[in-house]
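Below is one structure, written out as structure tokens; comments come after it.
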Amino acid sequence: MTRQKGQRKQEILETLATMLEQSPGARITTAALAEQVGVSEAALYRHFPSKTKMFEGLIEFIEETLFTRIAIIIKEQQSALVQCERIVALLLGFAEKNPGITRLMTGDVLTGETERLRNRVGQLFDRLETQLKQILREAELREGKRTQIPVASAANLMMAAAEGRLIQFVRSEFKRVPTAGWQQQWQVLTHGLLD
């Protein structure tokens with residue numbers, strides 16, 4: 001029974017992500033979500049007490065997916081710049097593969113939702129930026145390298161470029177993919193960043 005409940009929760013979250021992708025700009029109602037899943041709204045609320053909790057479930061999925069992979073990147077790569085590049089590329093690739101969830105990441109679907117959700121998404125991006133700062137600080141110690149600009153500014157620049165690409169992806173209704181041309185832009189963005 002618990003396994004079925006877990007599967008139903010997963011199905012609800014997957015359906016929500018699909019609806020976010022298929023209906024750019026549209027607000028998703030619990031009635032429409034329940035209909036797509038094939039359950040009553042009451043059944044939907046047995047799995048998630050509110051739509052906010054459903055969005056939080058998607059945010060938890062984002063965090064778990066990204067930070068599990070980031071830990072692997074840090075373990076496998078020695079170079080700080082390669083670690084940063086792979087982390088930003090991971091974020092862009094994740095967004096490209098999950099367009100509906102990208103709407104959540106950019107805040108596009110959070111208009112009219114609770115402030116707590118907007119803060120939670122903000123914390124996700126703050127956590128990513130902090131990870132980049134930590135990598136760059138460790139590069140100073142481990143690799144004897146220094147950034148041309150303060151570490152905080154360098155990490156912020158990387159995240160600003162990535163977030164901008166996510167916003168363009170959502171605004172173009174998923175036509176302008178975030179990874180297109182990224183490798184060349186990354187080279188320009190980070191040229192001479194570390195000495």
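Rounding to the nearest 0.5 angstrom, the gap separating the CD atom in Glu41 from the CG atom in Leu44 is 7.0 Å. A distance of 10.5 Å separates CD1 in Ile62 from CZ in Phe67, rounded to the nearest 0.5 Å. With rounding to the nearest 0.5 angstrom, the OG atom of Ser79 is 5.0 Å from the CD atom of Glu143. Atom CG of residue Leu16 and atom CD of residue Gln36 lie 11.0 Å apart, to the nearest 0.5 angstrom. A distance of 11.0 Å separates CD in Gln123 from CZ in Arg116, rounded to the nearest 0.5 Å. Interatomic distance, Thr65 OG1 to Leu91 CG, rounded to the nearest 0.5 Å: 12.0 Å.
Met159 and Ile167 fall into different hydrophobic clusters, where Ile, Leu, Val, Met, Phe, Trp and Tyr side chains are chained together by heavy-atom contacts under 4.5 Å. Hydrophobic clustering, with ILVMFWY side chains joined whenever heavy atoms are under 4.5 angstrom apart, keeps Val88 apart from Val82. Side-chain heavy atoms closer than 4.5 Å link hydrophobic residues (I, L, V, M, F, W, Y) into clusters, and following such links, possibly through other members, connects Leu132 to Leu189. Taken together through direct or relayed side-chain contacts under 4.5 Å among Ile, Leu, Val, Met, Phe, Trp and Tyr, Leu92 and Ile72 form parts of separate hydrophobic clusters. Note on Val177 and Trp182: separate hydrophobic clusters, where clusters join Ile, Leu, Val, Met, Phe, Trp and Tyr whose side-chain heavy atoms are under 4.5 Å apart, directly or indirectly.
Of all heavy-atom pairs spanning Pro178 and Ala95, the tightest one is CG-CB, 4.4 Å. Across all non-hydrogen atoms, the minimal contact from Ala152 to Lys133 is CA-CD, 3.8 Å. Scanning all heavy atoms of the two residues, the minimum distance from Arg103 to Ser23 falls at NH1-O, 3.1 Å. Shown here for Leu58 and Leu20, the closest heavy-atom pair between the two residues is CD1-CD1, 4.1 Å. What you find for Ala80 and Arg142 is that their closest heavy atoms are N-NH2, 4.3 Å.
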Between Glu115 and Arg118, is the side chain to side chain contact (heavy atoms under 4.5 Å, CB included) condition met? List the steps. CA-CA 5 Å; Glu115 183 178 343; Arg118 289 188 300 280; 3.6 Å; yes
Output, in order, the C-alpha distance, side-chain angles, deciding distance and verdict of side chain to side chain contact (heavy atoms under 4.5 Å, CB included) for Met158 and Leu136. CA-CA 12 Å; Met158 292 176 196; Leu136 293 172; 4.1 Å; yes
Glu163 and Thr106: side chain to side chain contact (heavy atoms under 4.5 Å, CB included), yes or no, with the steps? CA-CA 8 Å; Glu163 287 184 65; Thr106 62; over 6 Å; no
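Under the rule for a ring pair (Phe, Tyr, Trp, His ring centres under 6.0 Å), the partners of Phe169 that lie at least two apart in sequence or sit in another chain are Phe174. Glu173 pairs by the salt bridge (charged side-chain N to carboxylate O under 4.0 Å, His left out) definition with nothing, not counting sequence neighbours.
Counting only heavy atoms from C-beta outward, the side chains of Arg8 and Val39 approach each other to under 4.5 Å. Here the side chains of Phe55 and Thr114 are not in contact, with every heavy-atom distance at 4.5 Å or above. Between Ile70 and Gln83, the closest side-chain pair of non-hydrogen atoms is not below 4.5 Å. Residues Met54 and Leu33 are in side-chain contact: their nearest non-hydrogen atoms beyond the backbone lie under 4.5 Å apart. Side-chain contact between Ile87 and Ile135 is present, with at least one heavy-atom pair separated by less than 4.5 Å. Contact check for Thr30 versus Phe48: no side-chain heavy atoms found under the 4.5 Å cut-off. A 4.5 Å side-chain heavy-atom check between Arg171 and Gln168 finds at least one atom pair inside the cut-off. Looking at heavy atoms from C-beta onward, Leu117 lies out of side-chain contact with Val121 at the 4.5 angstrom threshold.
Looking at Asn98, its side chain does come within 3.5 Å of a backbone N or O of Phe94 through a donor-acceptor pair. With Arg165 contributing its side chain and Ala180 its backbone, the two residues share a donor-acceptor pair below 3.5 Å. Side-chain N or O atoms of Ser153 include none that pairs as donor or acceptor with a backbone N or O of Ile149 at under 3.5 Å.
Side-chain contact of Tyr45 with Ser50: a donor-acceptor pair under 3.5 Å is absent, judged by distance alone. No side-chain donor from either of Glu11 and Gln7 sits under 3.5 Å from a side-chain acceptor of the other. Side-chain contact check for Glu96 and Thr179: at least one donor-acceptor pair (N or O, by modelled atom type) lies under 3.5 Å. Side chain to side chain, Glu138 and Gln134 meet the donor-acceptor criterion of an N or O pair below 3.5 Å.
Sorted by first and then second residue, the salt bridge (charged side-chain N to carboxylate O under 4.0 Å, His left out) pairs involving residues 59-88 (not counting sequence neighbours) are Glu63-Arg120.
Remark: Glu56 engages Lys53 in a salt bridge, criterion side-chain N to carboxylate O under 4.0 Å.
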